[in-house]
Amino acid sequence: MLRLENITKTYPGVVALDKVSLSFEQGEVHAILGENGAGKSTLIKIITGAISPDPGGKIIFDDKQFDHMTPALSAENGVAVIYQDINLVTPMTVAENIYMGKKFGSVYSKRRLNTMAKALFEEYGLDLDPAMAVEKLSPAMQQMVEIARAISNNCKIMIMDEPTAPLAAHEVETLFKIIRKLKAQNVTVIYISHRMEEVFEITERISVLRDGTYVKTINTAD
C-alpha cells in the first residue's frame, strides 16, 4: 500500500531521518515506535506532504512513485491523519466540520449534512450530535469529530498520532472498534503511541525508529 525508500531529512546540524526504508501493507494496523526525537513526527509529515524529504528518496503508493508529497497529493492518494492537536473550526457544527469543503449539489443544506453525519456515527458507534457546535464538546469528543472527518474522506491510509491522549477508557475502546472496522475495510492504519499496552492490543506489526534511523520491523506477536 505504501513504501518508503531511503527517506532522509536534515536540518542545520541535525539529521532527523537517515535513509529510512519501510513499508505498510493494505489492511494492517502498523505501529511506529521510538522515543521523542526518534523521527516519528518527521516521517508522518513527509508522508502527508507537510515537509519535503532531502533528494534521493522515494515515496511509493501502490505503483505510483514520488520524490516528495504535497498535502493535496497525499490526500489524493488516500492519506488522512489524526494529530494530537485538534484542527477544527469550533464555532461550526460537528456535521459542518466533517463535510467542510465538500459539495453535495447546488443548494447548501444543514439537514442533509446532519443526516449524513448521523448515518456515519451509527455505522462506527460514535455518540455525537451532528448539530452541536464543536466548541461545546470536550477535547475527547472533538478528537472523535476529527476521526469521523477522516473516515468520511474514504481514506486508504489512516495515520493516528497519539490518538488516545485525550480519551477516557471507554472512549479508547470506541476508538479501537473504529480501528478494527477500518481494518476490515482494508484501510491501513499507521499507529503512533507510547502506550505499549495499546500497541500490543491493536497492531499486527511494529517498526522501531531510533535517533532518526530505522531499526527493525517485527510482528507484534513476536
Side-chain angles (χ1 to χ4, degrees), residues 1-62 65-71 73-74 77-85 87 143 146-147 150 155-167 172 175-176 179 182-183 187-222:
M1 175 60 77
L2 170 62
R3 191 163 78 252
L4 308 173
E5 295 184 357
N6 293 318
I7 297 298
T8 297
K9 180 62 179 179
T10 55
Y11 296 100
V14 177
V15 180
L17 292 173
D18 187 7
K19 297 181 180 178
V20 170
S21 297
L22 69 161
S23 62
F24 304 92
E25 303 296 332
Q26 185 175 20
E28 74 167 343
V29 185
H30 190 136
I32 300 179
L33 298 185
E35 57 188 20
N36 293 334
K40 304 185 301 299
S41 294
T42 302
L43 194 71
I44 289 175
K45 290 175 182 177
I46 286 173
I47 295 172
T48 60
I51 60 175
S52 294
D54 296 354
K58 298 177 184 177
I59 303 168
I60 303 167
F61 290 94
D62 293 326
Q65 181 175 305
F66 307 90
D67 56 9
H68 72 281
M69 303 302 295
T70 65
L73 191 57
S74 180
N77 280 278
V79 176
V81 59
I82 307 298
Y83 291 110
Q84 293 182 58
D85 298 329
N87 186 27
Q143 176 82 299
E146 289 265 28
I147 292 168
C155 63
K156 298 177 183 178
I157 299 172
M158 173 85 76
I159 302 174
M160 296 185 170
D161 184 8
E162 299 280 351
T164 61
L167 304 184
V172 171
L175 175 65
F176 287 176
I179 290 173
L182 291 170
K183 174 179 167 59
V187 175
T188 301
V189 178
I190 301 175
Y191 193 88
I192 297 173
S193 179
H194 290 288
R195 299 178 179 179
M196 298 301 292
E197 68 278 6
E198 296 176 1
V199 170
F200 287 120
E201 179 173 349
I202 204 68
T203 71
E204 281 81 53
R205 291 199 299 160
I206 296 170
S207 291
V208 177
L209 298 180
R210 183 183 300 125
D211 297 330
T213 61
Y214 168 74
V215 178
K216 192 174 186 179
T217 297
I218 58 174
N219 294 326
T220 305
D222 298 328

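When reading the values below, keep in mind they use all heavy atoms of this one structure, side chains included, and skip hydrogens, waters and symmetry mates. Fair warning: this is a prediction, and the values are worked out from it, not measured in the lab.
A distance-only check finds a donor-acceptor pair linking the side chain of E204 to the backbone of V29 [under 3.5 Å]. One N or O on the side chain of T220 and one on the backbone of R205 form a donor-acceptor pair closer than 3.5 Å. Q143 places no side-chain N or O within 3.5 Å of a backbone atom of T164 that could act as its donor or acceptor partner. Looking only at distances, no side-chain donor or acceptor of N6 sits under 3.5 Å from a matching main-chain atom of G56.
The 12-atom threshold is exceeded at CZ of R195, counting heavy atoms of other residues, nucleotides or ligands nearer than 6.0 Å. Atom CD of E35 has 12 or fewer neighbouring heavy atoms from other residues, nucleotides or ligands inside a 6.0 Å radius. Residue K40 qualifies as enclosed at atom NZ: its count of foreign heavy atoms under 6.0 Å is above 12.
Residues satisfying the salt bridge (charged side-chain N to carboxylate O under 4.0 Å, His left out) test with K9, not counting sequence neighbours, are none. Listed by chain and residue number, nothing satisfies the side chain to side chain contact (heavy atoms under 4.5 Å, CB included) test with D67 (two or more places apart in sequence, or in another chain).
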Audit row: T188, H30, side-chain hydrogen bond (donor to acceptor under 3.5 Å, both in side chains) steps and yes/no: CA-CA 8 Å; T188 301; H30 190 136; over 6 Å; no

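Just one of I192, V81, L175, I202 meets the side chain to side chain contact (heavy atoms under 4.5 Å, CB included) condition when paired with M160; it is L175.
Screening residues 201-222 for ring pair (Phe, Tyr, Trp, His ring centres under 6.0 Å), with sequence neighbours left out, gives no hits.
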